[in-house]
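Report on one structure; see the data block that follows.
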Amino acid sequence: MKANPRFFRLSLATTALTFFVVVLGAWVRLTDAGLGCPDWPGCYGQLDVPNTPEAVAAANAAFPDTPVDIGKGWREMVHRYAAGILGLLVLGLGIFAWRLRKNPGQPWKVPLALVGIILFQATLGAWTVTWQLKPAVVTAHLLGGLTTLSLLWWTTLRTQAMGGAGRLATTRGLGALLAVGLVATIAQVTLGGWTSTNYAALACNEFPTCSLGEYWPDRADFDEGFVLWRGLGVNYEFGVLDHPARMAIHLVHRVGAIALTLVLGFLAWWLWRAGGIGRGMGIAVAGALLLQITIGIGNVVYNLPLTLAVAHNAGAALLLMVLVTVIHVRRAP
């Protein structure tokens, strides 16, 4: 049975806003505006960005290490405003789900869990600023955003009756393969976040080789590249690692991309072989994967243009949503 139609519309709208916030966050990070406001939740002690000579002078005096950049400040604050609206929508969705929990077909456990997740996301957002773009925190913030998006999309899908799963629901081994594919995707997204937050996206500036015609340079420093915690009090804007450490991160991300391609390529073939609706799902997985690979290669070949860099984050979100859709179809009520 279908859930309440108003709940469906609210869930769909919240999912769309979450996708926008995730992409907007990537744009803020990639335009080096993550510290556009050095405090949280305001900006230089205000609810908006200082934009008069008097306000800018006062802000610079209060935060002498981070002089006001109005453009960066507004990019950061627009992201915060959008995230704040999203938080209110998630809270409303959770309350709505709880009130409708006795209705047949009404999902309510995931919406309630999302309220806790969004609160933790807000905490990570605050730490991102106050801990000065610490890579582990920024990567966790990215994963939290994608987790929120995936669960909201799952909730939206579960509000709708879905038929036609056919052989897809009974295909042996598909559940395990989907689990492996989802874990592999999350692992690769984590590597991508670690690559971005350590400013390692162009540490290898050639494709398919890494640098100077080498596929696997001996100078890559894997021990230094994967130190997860370096303490507090360090400003990580523009990165703190030397080039060999960044190269190691980039290389591991490329290996992860190869592994993910094999896993999801096999999943797409398995879905296609199942026939029926599985063929459409297989095409969707293969298409999202191919799009993400193409964007990733383009980022290296074209020297990380902002449009492609942001699109790579959107592609990761899209790939996760496709996998969530496949899982939903297989488990269709």
Side-chain angles (χ1 to χ4, degrees), residues 10-49 63 66 72-98 108-156 186 189-190 192-194 196-197 228-229 232-233 235-237 310 313-314 316-317 320-321:
L10 178 59
S11 182
L12 183 61
T14 307
T15 303
L17 179 59
T18 304
F19 188 91
F20 172 75
V21 170
V22 168
V23 175
L24 181 63
W27 179 65
V28 169
R29 184 176 71 254
L30 290 163
T31 55
D32 301 316
L35 292 180
C37 297
D39 52 341
W40 192 92
C43 190
Y44 293 92
Q46 301 182 191
L47 291 178
D48 60 358
V49 181
F63 297 87
T66 52
K72 289 184 178 181
W74 271 117
R75 290 197 290 276
E76 172 63 10
M77 286 307 292
V78 168
H79 180 237
R80 293 186 191 180
Y81 294 149
I85 294 170
L86 175 60
L88 292 176
L89 286 178
V90 169
L91 177 60
L93 193 70
I95 294 172
F96 200 179
W98 176 255
W108 60 272
K109 293 181 180 179
V110 171
L112 286 182
L114 278 165
V115 175
I117 291 172
I118 208 73
L119 289 173
F120 185 57
Q121 265 295 87
T123 303
L124 288 173
W127 288 347
T128 294
V129 176
T130 57
W131 291 358
Q132 299 178 292
L133 305 183
K134 191 169 183 60
V137 174
V138 180
T139 301
H141 196 42
L142 170 65
L143 291 174
L146 292 173
T147 298
T148 302
L149 175 65
S150 299
L151 292 177
L152 279 167
W153 182 233
W154 171 260
T155 299
T156 302
I186 293 171
V189 168
T190 304
W194 190 250
S196 178
T197 57
L228 300 182
W229 188 263
L232 301 178
N235 188 333
Y236 292 91
E237 190 170 26
V310 173
N313 285 263
L320 281 168
M321 292 177 74

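- Shown here for T197 and P135, the closest heavy-atom pair between the two residues is OG1-CB, 3.6 Å.
- With sequence neighbours excluded, no residue forms a salt bridge (Lys or Arg N to Asp or Glu O under 4.0 Å) with R75.
- Here L86 contributes atom CG and F19 contributes atom CZ; the two are 13.5 Å apart, rounded to the nearest 0.5 Å.
- Between L47 and M77, the closest side-chain pair of non-hydrogen atoms is not below 4.5 Å.
- For the atom pair CG of L114 and CG of L119, the computed distance is 11.0 Å after rounding to the nearest 0.5 Å.
- In this structure, the side chains of L10 and L89 come closer than 4.5 Å at one or more pairs of heavy atoms.
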Side chain to side chain contact (heavy atoms under 4.5 Å, CB included) between V310 and V23, intermediate numbers included
CA-CA 7 Å; V310 173; V23 175; 3.5 Å; yes

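- When all heavy atoms are compared, the tightest approach of G94 to L112 is O-CD2, 3.5 Å.
- Y81 is linked by a ring-ring contact (aromatic ring centres under 6.0 Å, His included) to nothing, counting only residues two or more places apart in sequence or in another chain.
- Nearest heavy-atom pair, T155 versus S11, reported as atom, atom and distance to 0.1 Å: CG2-OG, 3.8 Å.
- Between F120 atom CZ and H141 atom NE2 the span is 10.5 Å, to the nearest 0.5 Å.
- The two residues L124 and V137 make their nearest non-hydrogen contact at O-CG1, 3.7 Å.
- With sequence neighbours left out, K72 forms a side chain to side chain donor-acceptor pair (under 3.5 Å) with no residue at all.
- Sorted by first and then second residue, the side chain to side chain donor-acceptor pair (under 3.5 Å) pairs involving residues 13-27 (not counting sequence neighbours) are T15-T156.
- Distance alone, capped at 3.5 Å, is enough to place a donor-acceptor pair between the W153 side chain and the M321 backbone.
- Residues passing the side chain to side chain donor-acceptor pair (under 3.5 Å) test with T123: none are found, sequence neighbours excluded.
- In this structure, the side chains of V90 and Q121 stay at 4.5 Å or more apart for every pair of heavy atoms.
- For the pair S196 (side chain) and G192 (backbone), a donor-acceptor distance under 3.5 Å is absent.
- Across all their heavy atoms, D32 and E237 have their closest contact at O-OE2, 3.3 Å.
- The heavy-atom pair separating D39 from G45 by the smallest distance is OD2-N, 2.6 Å.
- To the nearest 0.5 angstrom, L142 atom CG is 6.0 Å from R29 atom CZ.
- With sequence neighbours excluded, the residues that form a ring-ring contact (aromatic ring centres under 6.0 Å, His included) with W98 are W108.
- Contact of the L320 side chain with the L149 side chain is not registered, since no non-hydrogen atoms from C-beta on lie closer than 4.5 Å.
- Between L93 atom CG and I118 atom CD1 the span is 11.0 Å, to the nearest 0.5 Å.
- Using a 4.5 Å heavy-atom threshold, the side chains of L91 and I95 count as touching.
- Interatomic distance, CG of L35 versus OG1 of T128, reported as 9.0 Å (0.5 Å rounding).
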